[in-house]
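Some notes on the structure that comes next.
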Amino acid sequence: MISLSYVDLLGRRSTILKHRMDDLIKKNNSQGLSAQEKNLYQTIVKEWHQVESEINSARKES
């Protein structure tokens with residue numbers, strides 16, 4: 001079993017969120033987003049910023 005540190009888990013979460021943002025940006029560029037998708041995008045961006053902030057805080061503490 002592989003054990004990941006908290007920072008590793010946050011890094012993985014950040015990567016997943018970035019991929020979801022990229023997918024929504026591509027969709028927006030090709031066909032536009034529905035109101036629900038726009039809200040989802042905003043939520044993902046906020047969550048990504050929070051995760052990045054947590055990563056930076058965790059790295060400063062170590």
Next item on the list: Just jot down the side-chain contact (heavy atoms from CB on, under 4.5 Å) partners of Leu40, sequence neighbours excluded, or say none.
Entry: Arg20, Leu24, Ile44
Note to self: So, using side-chain contact (heavy atoms from CB on, under 4.5 Å) as the criterion, who are the partners of Thr43 when residues are at least two apart?
What the structure shows: none
Please tabulate, one pair per line, all N/O donor-acceptor pairs under 3.5 Å involving side-chain atoms of residues 26-34, not counting sequence neighbours.
from	atom 1	to	atom 2	distance (Å)
Lys27	NZ	Glu37	OE1	3.3
Lys27	NZ	Glu37	OE2	2.3
Asn29	ND2	Ile25	O	3.4
Ser30	OG	Lys26	O	3.3
Ser30	OG	Lys27	O	3.2
Ser34	OG	Glu37	N	3.2
Ser34	OG	Glu37	OE1	3.3

Listed pairs under 3.5 Å, donor-acceptor, residues 48-58 side chains, sequence neighbours left out:
from	atom 1	to	atom 2	distance (Å)
Trp48	NE1	Ser14	OG	3.1
Glu52	OE2	Ser14	OG	2.4
Glu54	OE1	Tyr6	OH	2.6
Asn56	ND2	Glu52	O	3.3
Ser57	OG	Ser53	O	3.1

